[in-house]
Amino acid sequence: MDVQRVRDDFPILNRSFHGHPLVYLDSAATSQKPTVVVEAEERYYRESNANVHRGVYALSVEATDAYEAARARVARFLGSNDPSEVVFVRGTTEALNVAATSLGQFLLERGDRVVTTVMEHHSNIVPWHLLREQKGIDLRFLDIDETGRLRLDALDDLLGPRTKVVTLTHASNVLGTVNPVREIADRAHAAGAIVVLDAAQSAPHRKIDVERLGVDLLAFSGHKVLGPMGIGVLWGRKELLTRMPPAAGGGEMIETVRQDRVSYRDPPARFEAGTPNVAGAIGLSVALDYLEAIGWEEIAAHERSLYLHATEQAHRRFAERLNVFGPSDHGERQGLQSFALRGVHPHDVASLLDADGIAVRAGHHCCQPLMERLGVPALTRSSPYVYNTKGEIDQLYDGLEKVTALFN
Ligand SMILES: Cc1ncc(COP(=O)(O)O)c(C=O)c1O
């Protein structure tokens with residue numbers, strides 16, 4: 001993979017901050033966008049904008065066709081042969097809220113159990129907490145071990161006769177851990193539960209295959225896969241989506257509305273109330289084309305080399321002064337690194353790196369239960385992507401050495 005050629009597609013990477021070229025290492029929060037994605041959105045508004053599904057005139061038909069083509073493109077990315085399994089939403093957060101709200105209405109009763117994990121993003125905890133508060137569901141958390149992997153040995157204890165949903169992240173946005181989804185899904189299904197997968201952190205880095213993963217519902221965000229903000233996906237098995245009630249009401253999701261009754265359309269329309277983000281869906285499809293043109297294996301190899309380089313820097317320059325969380329074996333993790341630098345608050349680390357133009361994130365990363373489990377108030381996270389170079393990883397570690405020197 002020619003990183004320099006990839007970088008040429010991301011003009012934002014030419015910016016400077018505080019007199020230093022930008023080193024963008026916050027792609028787990030949001031990725032940058034290649035020019036083709038920005039142009040596809042702009043072209044839609046310049047040439048094809050009309051409301052979808054509502055017009056008989058040519059422009060509206062064109063917009064509708066482009067929107068539905070984007071849906072088919074996403075289905076292909078997910079390994080689904082049925083585009084109607086793809087529901088466009090604003091992002092992972094909305095997708096998981098739709099899933100929880102809808103399952104809460106037709107599946108979950110007081111005392112029913114939902115199993116999530118301690119490494120989840122708040123987006124995959126709070127929607128279930130809402131059901132705990134509103135309906136009295138029994139919300140349980142699968143723990144992690146000392147290496148940052150899920151405690152699969154504790155799973156069966158949580159899978160009782162009333163376990164209706166098992167919901168987990170494919171990859172942790174803090175630990176980098178990639179979870180053995182298929183094994184968990186098989187065990188959850190054997191216990192009669194539905195499996196929901198948060199693929200926000202995996203979709204940017206690997207081709208998703210819903211059949212191989214064996215899950216029932218899956219969520220991801222466009223803006224983390226080089227696509228626009230405000231577009232995301234809830235994928236669901238057709239048979240399940242068909243049984244699920246809508247989570248929001250409005251235009252386009254109805255079949256008929258009378259004063260005394262209402263009926264709903266089939267999925268995906270049932271879950272897409274109101275005018276959708278057509279430009280965003282088109283931008284997302286172009287982003288997936290862009291990633292696939294690079295190639296998932298090329299992307300994985302590039303990210304592995306960045307990760308191994310970062311790990312080598314961490315060991316050689318810092319040894320135990322830098323505590324990097326999560327599994328150490330790259331085969332079981334993604335390339336991001338969340339760390340604690342001994343004696344320096346994570347926010348100070350991030351602020352001092354910013355002074356050198358290096359953009360990393362510090363905080364609880366929307367994972368307060370995980371921070372509590374790890375016994376840390378916050379961590380600093382570096383999350384590289386397709387456009388980052390080993391030179392930038394060196395700059396990060398140079399910056400961390402400066403931070404250490406300052407605090408000593
Ligand atoms: C694992 C995980 N789940 C969910 C989300 C929420 O995604 P969004 O803010 O795009 O809805 C994130 C975002 O950081 C994430 O990392």
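First listed ligand is number 1; within each ligand, the first listed atom is number 1. Nothing here was measured: the structure is a model prediction, and the numbers come from that model.
For the pair Arg71 and Tyr67, the cation sits on the ring face: its NZ or CZ lies under 6.0 Å from the ring centre, inside 45° of the axis.
Considering backbone and side-chain atoms together, Gln201 places an N or O closer than 3.5 Å to an N or O of ligand 1. The shortest N or O to N or O distance between Asp198 and ligand 1 is under 3.5 Å.
Of all atoms in ligand 1, listed by their number and element, those nearer than 4.0 Å to a heavy atom of His223 are 8 (P), 10 (O). Near Thr93, the atoms of ligand 1 lying under 4.0 angstrom from a non-hydrogen atom of the residue are 6 (C), 7 (O), 8 (P), 9 (O), 11 (O). Each of the atoms 2 (C), 3 (N), 4 (C), 15 (C) of ligand 1 lies under 4.0 Å from some heavy atom of Ala200. The distance from ligand 1 to the heavy atoms of Lys224 drops below 4.0 Å at these ligand atoms: 7 (O), 12 (C), 13 (C), 14 (O). Set against the non-hydrogen atoms of Ser221, the atoms of ligand 1 under 4.0 Å away are 7 (O), 8 (P), 10 (O), 11 (O).
One finds the CG atom of Asp2 at 11.5 Å from the CZ atom of Arg7 (value rounded to the nearest 0.5 Å).
Using a distance-only test at 3.5 Å, with no hydrogens or angles considered, no donor-acceptor pair links the side chain of Lys164 to the main chain of Ile194.
A side chain to side chain contact (heavy atoms under 4.5 Å, CB included) with Met119 is found for one member of Leu168, Asn179, Asp143 and no other, namely Asn179. Checking each of Asn173, Asn97, Thr92, Thr93 against Ser123 for a side chain to side chain donor-acceptor pair (under 3.5 Å) leaves exactly one that passes, namely Thr93.
Using a non-hydrogen distance threshold of 4.0 Å, Thr169 registers as a contact of ligand 1.
Among protein heavy atoms, atom 15 (C) of ligand 1 sits closest to His121 CD2, 3.3 Å.
Between His302 and Asn388, the side chains place no donor N or O within less than 3.5 Å of an acceptor N or O (distance only, hydrogens not considered).
Between Arg140 and Ile137, the closest side-chain pair of non-hydrogen atoms is not below 4.5 Å.
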